[in-house]
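Notes to accompany the following structure.
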Amino acid sequence: METRANYLIVGVFVLGLIAALLGFIYWMKHDSDGGAGKEYHVILDGSVQGITVASPVMFNGIRFGAVRQIELLPEDTRKVRILISVRQDTPVRTNSHARISQQGLAGWVAMEITPGTPDMPMLQAKPGERIPVILADPGASGSLFAGVSDAAGQASALAVRLNNLIANNEDSLRRTVTNLETFTGMMAERKDDVAAVIQNVRQLSEKLAAVSAKIDSAVDRLAGESSDNPNSIVSQVQQAAISIRQLSEKLDKSIGDKSGALTQQADRSLREFELLAKDGRRLVDSLDRVVQKIDRNPAGFLLGGQQSPKY
């Protein structure tokens, strides 16, 4: 009798524990989607490895629901359609996006929905849709773990390439290191000469700075003299230019008023010079004839008459 009572107590305890576990599971499900939760479809391209039925749906880092169904899209088997259920108060907007993300250090995978912006309306089913569709971010699908393995494989390949590069160029690297050691040793031996060169460069820089300062001062002084001192070269050049301009204006006025008379006088002078040239040419011809007569018969030209020729 006592043994049967112990079995009864143990059986009741086990049944109660199972009932509590089932109640906890029901409570978790009920709490995750708020009872009669809102349903949305998320369509992703490629693999969704890591996402399973009952995977959590996170909204801004808070669990608001769970994954209810995962299936291939009938019209395009390259895509996966995921049915999610979230609480009624989940603010899914028209510019909210969905993506697969890794949560926590343990690496469990969840479906994450971005909040969108407050000025956008809530997401509703479009004509012909029974359930609203949340847009997925580009590259939101694909296995996170596969990505990690791919990254690890790429890192391993990079390490192999670096190792091969160093192995194939070991002699060149050794010569380069040797040359660097030789150069640094030479620089250490000639550190006094290097210091002297640096000192000379510093002195040259100081001299150039001084010359530049003098040039700046001279230019400033010249600019000051040109604007203030009437005896400066710039001022005198300006005054000479003003005087030349005034003289040209006076000549222009003087000649402009008498241009007709000057032109007529110049024409008369040219005609008179032409007549004088003609008279001079006739005079030269006459003198030439007289010289020729004198040359042929000087006595006859001087005594007059014709001289009889001698036989």
Quiz item: About how many Å separate CD of E71 and NE2 of H41, when rounded to the nearest 0.5 Å?
Solution: 6.0 Å
Exercise. Could you pull out all residues at least two apart from T114 that satisfy side chain to side chain donor-acceptor pair (under 3.5 Å)?
Key: none
Quiz item: Taking all atoms of both residues into account, what is the closest heavy-atom pair of V67 and V57, and its distance?
Solution: N-CG2, 3.9 Å
Quiz item: What is the distance from atom CD of Q203 to atom CG of L208, rounded to the nearest 0.5 Å?
Solution: 12.0 Å
Self-check item: Backbone N/O of V86 and side chain of T90: donor-acceptor pair under 3.5 Å
Solution: no
Quiz prompt | Where F64 and D89 come nearest, the two heavy atoms and their spacing | solution = CE2-OD1, 4.1 Å
Self-check item: Test item: R99 side-chain N/O and E112 main-chain N/O as donor-acceptor pair under 3.5 Å
Solution: no
Practice problem: I would like to know whether V42 and L135 meet side-chain contact (heavy atoms from CB on, under 4.5 Å); could you show each step before the answer? | Solution: CA-CA 7 Å; V42 178; L135 298 177; over 6 Å; no
Quiz item: Given the rule in the side-chain contact (heavy atoms from CB on, under 4.5 Å) test, do V109 and T52 qualify, once you have shown the distances and angles that lead to the verdict?
Solution: CA-CA 9 Å; V109 181; T52 61; over 6 Å; no
Self-check item: S55 (side chain) donor-acceptor with I51 (main chain) under 3.5 angstrom
Solution: no
Quiz item: Can you name the nearest heavy-atom pair linking A136 to L44, along with the distance?
Solution: CB-CD2, 3.2 Å
Quiz item: Are any side-chain N or O atoms of T176 and backbone N or O atoms of S172, one a donor and one an acceptor, separated by less than 3.5 Å?
Solution: yes
Exercise. Report whether L162 and V177 are members of the same hydrophobic cluster (ILVMFWY, side-chain heavy atoms less than 4.5 Å apart, transitive linking).
Key: no
Self-check item: Note, M111 side chain near I82 side chain (heavy atom, < 4.5 Å)
Solution: yes
Quiz item: Which heavy atom of M120 sits nearest a heavy atom of T94, and at what distance?
Solution: CE-OG1, 3.3 Å
Quiz item: Is a donor on one side and an acceptor on the other found under 3.5 Å between the side chain of S96 and the backbone of P115?
Solution: yes
Practice problem: Supply the atom-to-atom distance R81 CZ to I131 CD1, rounded to the nearest 0.5 angstrom. | Solution: 8.0 Å
Exercise. Look at the side chain of K38 and the backbone N and O of Q88, then say whether any donor-acceptor pair between them is shorter than 3.5 Å.
Key: yes
Exercise. Give the minimum heavy-atom separation between M58 and R63, together with the two atoms involved.
Key: CE-N, 3.6 Å
Exercise. Nearest 0.5 Å please: distance from the CG atom of N95 over to the CD1 atom of I134.
Key: 11.5 Å
Quiz item: According to a 4.5 Å side-chain heavy-atom criterion applied to Ile, Leu, Val, Met, Phe, Trp and Tyr, with indirect links allowed, do F59 and I62 form part of one hydrophobic cluster?
Solution: yes
Quiz item: So which heavy atom on A66 is nearest to which on R68, and how close?
Solution: CB-NH1, 3.4 Å
Quiz item: Would you call E170-R174 a salt bridge at under 4.0 Å N-O?
Solution: yes
Practice problem: Please assess V53 against Q69 for the test side-chain contact (heavy atoms from CB on, under 4.5 Å), listing each intermediate value before the final yes or no. | Solution: CA-CA 6 Å; V53 175; Q69 185 180 4; 5.8 Å; no
Quiz item: Any chain of hydrophobic side-chain contacts (each under 4.5 Å) joining I100 to I70?
Solution: yes
Exercise. Check the pair V133 / Y40 against side-chain contact (heavy atoms from CB on, under 4.5 Å), numbers first and verdict last.
Key: CA-CA 6 Å; V133 177; Y40 296 94; over 6 Å; no
Practice problem: Could you check if a side-chain atom of V92 sits within less than 4.5 angstrom of a side-chain atom of M122, using non-hydrogen atoms only? | Solution: no
